[in-house]
Amino acid sequence: MADVKQRTVLTVLFDGVQSLDVTGPMEVFAGASRAKGVSYGLRTASLDGGPVRTTSGLTLVPDGSLADAPVPHTLLVPGGRGTRGAHPELTAWLREHAPRAERLVSVCTGALLLAEAGLLDGHRVTTHWNSCERLARDFPAVHVDPDPIFVRDGRLATSAGVTAGIDLALALVEEDHGRELALTIARHLVVFLRRPGNQAQFSAQLSAQTAQRAPLREVQLWIDRNPAADLGVDALAARARLSPRHFARAFRAETGTTPGRYVERVRLEHARRLLEDSSVGVEQVARASGYGTPEAMRRAFVKTLATAPAEYRRRFRAAAPPPRT
């Protein structure tokens, strides 16, 4: 029987690391290795090979030191409070060794360490929503996209906070060994293999601020509950008892986004939920979500998610759980 190709995964450990950023992806790769013909060699390492203390107080004992670690197929850098401040020794090691790995991955604020090492310059990346502004400000050569849960840019893969690392690891397993294996692991971990990388870190309701004035808050709630209604600026302004110009200006000032953009995101999320969780036909989904026609909905999906509604449903509809034995 032919030898199984092993992909080694080296996870960097440091004091203040987020434990789920480490264990989440490792469980995915370990689960994949139980399948016939699949092998991920998992290894952890700290600078000096000594134990590290996670943000939750858990102590992790690495397999060895970074200096003694062989060049991995995948180098994974997790996040956590320990990424704050300067890390000259760790970033020096990353700067020298990370380019040798076939795949470079960061989870959550691990992107800050890679940026500090100069490894993200010119690349499109993401990180935890609360650190996107800092990453963009401190490293202007990095193209920060605050919305997706993970981003692929060549050999580089970066993810948002904590559980997004599991989504990214599942995507990497799917890339290496196919969708069926990734789906099997997702079921085993009791998570859905349904979140594409360009899914927003937050819903429209959470990504936009809640308006301070009651009339504007009521308009937000109306939009959320009635995506198929007339949600043009004139109609929404009338609900808020403001002129269209005043309404549009006030809505953006208090929520951080335009009425049109907010409506787009609400309608897209509504359509996605119906496609994921129901058997309602595409034409009905389009009407119920305020698009009017399947073609209008298709254009919105392609523009934002780079996939058509039917394909989105095929890939991300919630799978029925396996029967109990």
Self-check item: 4.5 Å side-chain heavy-atom contact, F251 and T258
Solution: no
Self-check item: Whether D230 side chain and A235 backbone form a donor-acceptor pair below 3.5 Å
Solution: no
Practice problem: Report the C-alpha separation of V77 and V105 in whole Å, then their side-chain angles, then the decisive distance to 0.1 Å, and conclude whether the side chain to side chain contact (heavy atoms under 4.5 Å, CB included) test is met. | Solution: CA-CA 6 Å; V77 182; V105 176; over 6 Å; no
Exercise. For R267 and A286, indicate whether the former's side chain and the latter's backbone hold a donor-acceptor pair under 3.5 Å.
Key: no
Self-check item: salt bridge (charged side-chain N to carboxylate O under 4.0 Å, His left out) between D277 and R273, worked out
Solution: CA-CA 6 Å; D277 300 328; R273 284 197 301 270; over 6 Å; no
Quiz prompt | Side chains of P215 and L242 in contact at under 4.5 Å (non-hydrogen atoms) | solution = no
Quiz prompt | Donor-acceptor contact present, side-chain H128 to main-chain V107, <3.5 Å | solution = no
Quiz item: Which is it for L76 and V12 under the side chain to side chain contact (heavy atoms under 4.5 Å, CB included) test, yes or no, and what are the steps along the way?
Solution: CA-CA 6 Å; L76 190 151; V12 176; over 6 Å; no
Self-check item: Sole candidate of H73, K5, R103 that passes side-chain hydrogen bond (donor to acceptor under 3.5 Å, both in side chains) when paired with D176
Solution: R103
Quiz item: More than 12 non-hydrogen atoms from neighbouring residues, nucleotides or ligands closer than 6.0 Å to CZ on R137, yes or no?
Solution: yes
Practice problem: Search all heavy atoms of Y40 against all heavy atoms of H177 and return the closest pair with its distance. | Solution: OH-CD2, 3.3 Å
Quiz item: Between the side chain of S19 and the main-chain N/O of T54, is any donor-acceptor distance below 3.5 Å?
Solution: no
Quiz prompt | G16 to T55 - nearest heavy-atom pair and separation | solution = O-CG2, 3.1 Å
Self-check item: Co-membership, hydrophobic cluster, residues L58 and M26, 4.5 Å side-chain
Solution: yes
Exercise. Can you see which heavy atom on R124 is nearest to which on P148, and at what distance?
Key: NH2-CG, 3.7 Å
Exercise. Salt-bridge test for R95 and E116: reply yes if a basic N is under 4.0 Å from a carboxylate O, no otherwise.
Key: no
Exercise. Using modelled atom types only, decide if a donor and an acceptor are shared between the side chain of R249 and the backbone of P244 within a distance under 3.5 Å.
Key: no
Quiz item: Got F150 and T158 here, is their nearest side-chain heavy-atom distance under 4.5 Å?
Solution: no
Quiz item: Taking the side chain as C-beta and beyond, is there a heavy-atom pair between Y262 and Q220 under 4.5 Å?
Solution: yes
Exercise. Working to the nearest 0.5 Å, report the span between CD of E89 and CG of D48.
Key: 9.0 Å
Practice problem: Count the heavy atoms of every other residue, nucleotide or ligand shown that sit under 6.0 Å from CD of E283, and state whether that count exceeds 12. | Solution: no
Self-check item: Distance (rounded to the nearest 0.5 Å) between R225 CZ and I223 CD1
Solution: 13.0 Å
Quiz prompt | Exercise: identify the closest heavy-atom pair between S46 and V52 | solution = CB-CG1, 4.0 Å
Quiz item: Crowded around R84 CZ? As in, over 12 foreign heavy atoms under 6.0 Å?
Solution: no
Quiz item: What's the spacing between S106 OG and L156 CG if we round to 0.5 Å?
Solution: 6.5 Å
Quiz item: Nearest 0.5 Å, what's the NZ-CG distance between K303 and L268?
Solution: 10.5 Å
Quiz item: Would you call E276 and Y312 a side-chain contact if the rule is heavy atoms closer than 4.5 Å?
Solution: yes
Quiz item: Step by step, would you call V219 with F247 a side chain to side chain contact (heavy atoms under 4.5 Å, CB included)?
Solution: CA-CA 10 Å; V219 167; F247 168 75; 3.9 Å; yes
Quiz item: Is the CZ atom of R81 crowded by more than 12 outside heavy atoms at less than 6.0 Å?
Solution: no
Practice problem: State the CG-OG1 distance between L113 and T83, to the nearest 0.5 angstrom. | Solution: 5.5 Å
Practice problem: Scan L172, V28, L42 and name whichever one has a side chain to side chain contact (heavy atoms under 4.5 Å, CB included) with V9. | Solution: L42
Quiz item: What do you reckon, are the aromatic ring centroids of H123 and F139 less than 6.0 Å apart?
Solution: no
Quiz item: Donor-acceptor pair, T257 side chain versus R261 backbone, under 3.5 Å?
Solution: no
Quiz item: Hey, does the side chain of E254 reach the backbone of R213 with a donor-acceptor pair shorter than 3.5 angstrom?
Solution: yes
Exercise. Looking only at non-hydrogen atoms, find the nearest pair between G80 and T109 and report the distance.
Key: N-OG1, 2.9 Å
Quiz item: Looking at CG of L119 and CG of L75, how far apart are the two atoms once the value is rounded to the nearest 0.5 Å?
Solution: 9.0 Å
Quiz item: R298 and E295: salt bridge (charged side-chain N to carboxylate O under 4.0 Å, His left out), yes or no, with the steps?
Solution: CA-CA 5 Å; R298 189 193 71 80; E295 177 57 25; 3.1 Å; yes
Quiz item: With a 4.5 Å heavy-atom cut-off, do L135 and T127 have their side chains touching?
Solution: yes
Quiz item: Is a donor on one side and an acceptor on the other found under 3.5 Å between the side chain of S131 and the backbone of R134?
Solution: no
Quiz item: Is it true that a side-chain atom of D145 and a backbone atom of V125 form a donor plus acceptor pair closer than 3.5 Å?
Solution: no
Exercise. Might you point out which heavy atoms bring T126 and C132 nearest each other, and give the distance in Å?
Key: OG1-SG, 4.5 Å
Quiz item: Is a side-chain N or O of T304 found less than 3.5 angstrom from the main chain of F301, in a donor-acceptor match?
Solution: no
Quiz item: Considering only heavy atoms from C-beta outward, does the side chain of L168 approach that of L170 to under 4.5 Å?
Solution: no
Quiz item: Can you tell if the side chain of M297 reaches within under 4.5 Å of the side chain of V282, non-hydrogen atoms only?
Solution: yes
Practice problem: Check the pair L231, W222 against side chain to side chain contact (heavy atoms under 4.5 Å, CB included), reporting the backbone distance first and the verdict last. | Solution: CA-CA 9 Å; L231 301 180; W222 169 260; 3.8 Å; yes
Practice problem: Indicate whether any N or O donor in one side chain lies under 3.5 Å from an N or O acceptor in the other, for T59 and R53. | Solution: yes
Self-check item: Hphob cluster co-occupancy, L47 + V61, side-chain heavy atoms under 4.5 angstrom
Solution: no
Quiz prompt | CZ (R252) with more than 12 external heavy atoms under 6.0 Å | solution = no
